[in-house]
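Step one of this worksheet: look at the structure below.
Both backbone and side-chain heavy atoms feed into the values below; hydrogens, waters and symmetry mates do not.
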Amino acid sequence: LPSIVSITYCTLCALSLASHAKTMFTDPGSIPRHAVPTEEDGVDRVQFPMCSKCKTYKPPKCHHCRICDRCISGMDHHCPWMNNCIGAGNMKHFILFLVYVWIASAYALLLFGMNYFLCNSDDCIFPNGLVQ
């Protein structure tokens, strides 16, 4: 196979690993325990919502993660593969990780399929110039 095929696959794998690491180590948007809204935020101090678990201010679109034991802004889910919550702070890196893994998987499936279906002889020359 030409070296561009392996370089492309290794690049996709490196990008997916980098996105995985960035998702794991980026704060998902946790709400600090001492956060309290001010009058400039437009929230009445008497009536602001509180989290029943961690007893802190709970902004809109915020959910409490029982695994991390903290409130996460824009929480989507707690991902066991990332060992972190997926929230507003790391959603971009998580989506990039999913896209890179999908592209790398489709690329590998395409290469295996070409090898299986187009390799009929011992010299195994593909029509588009790929050689085994």
Side-chain angles (χ1 to χ4, degrees):
L1 293 175
S3 61
I4 190 69
V5 173
S6 59
I7 290 172
T8 303
Y9 185 73
C10 289
T11 302
L12 287 170
C13 289
L15 286 171
S16 65
L17 287 174
S19 296
H20 184 273
K22 189 74 172 169
T23 304
M24 277 180 41
F25 297 123
T26 301
D27 180 39
S30 58
I31 307 300
R33 299 236 184 227
H34 55 81
V36 177
T38 61
E39 287 80 19
E40 292 89 28
D41 297 332
V43 178
D44 185 15
R45 286 186 74 99
V46 178
Q47 298 270 335
F48 63 87
M50 297 290 288
C51 177
S52 61
K53 305 282 194 276
C54 56
K55 307 293 187 230
T56 60
Y57 168 65
K58 188 173 180 181
K61 297 181 184 176
C62 177
H63 298 285
H64 185 85
C65 177
R66 61 183 171 86
I67 298 169
C68 295
D69 195 32
R70 59 185 175 170
C71 284
I72 307 295
S73 176
M75 181 177 172
D76 186 55
H77 68 285
H78 182 89
C79 186
W81 308 111
M82 300 292 172
N83 194 25
N84 199 1
C85 287
I86 306 301
N90 61 358
M91 181 69 74
K92 172 188 166 187
H93 307 296
F94 182 70
I95 297 296
L96 281 174
F97 170 73
L98 294 179
V99 168
Y100 291 142
V101 167
W102 187 87
I103 291 172
S105 300
Y107 189 68
L109 186 63
L110 176 73
L111 289 176
F112 287 134
M114 287 176 62
N115 190 22
Y116 183 76
F117 291 113
L118 300 177
C119 188
N120 296 331
S121 63
D122 288 336
D123 58 350
C124 199
I125 299 174
F126 292 112
N128 61 358
L130 294 174
V131 179
Q132 183 177 355

Between Ile4 and Thr8, the two heavy atoms sitting closest are O-OG1, 2.6 Å
Tightest non-hydrogen contact, residues Phe94 and Met82, listed as CD1-CE, 3.8 Å
Going from [atom1] on [X] to [atom2] on [Y], what distance comes out if it is rounded to the nearest 0.5 angstrom?
X     : Y     : atom1 : atom2 : value
Lys53 : Asp69 : NZ    : CG    : 10.0 Å
Leu15 : Lys22 : CG    : NZ    : 14.0 Å
Cys85 : Met91 : SG    : CE    : 11.0 Å
Lys58 : Met50 : NZ    : CE    : 11.0 Å
His78 : Cys65 : NE2   : SG    : 5.5 Å

Side-chain contact, heavy-atom cut-off 4.5 Å: Cys71 with Cys54? yes
Of Leu96, Leu98, Asn90, Val99, the one forming a side chain to side chain contact (heavy atoms under 4.5 Å, CB included) with Ser19 is Leu96
Could you tell me whether the side chain of Asn84 and the main chain of Thr23 form a donor-acceptor pair under 3.5 Å?
yes
Does [X] share a hydrophobic cluster with [Y], counting links as ILVMFWY side-chain heavy atoms below 4.5 Å and allowing steps through other members?
X     : Y      : value
Met24 : Ile72  : no
Ile86 : Ile31  : no
Phe97 : Trp102 : yes
Ile95 : Leu12  : yes
Leu17 : Val101 : no

Discussion item. Could you check whether atom OH of Tyr107 has more than 12 heavy atoms from other residues, nucleotides or ligands sitting under 6.0 Å from it?
Written reply: yes
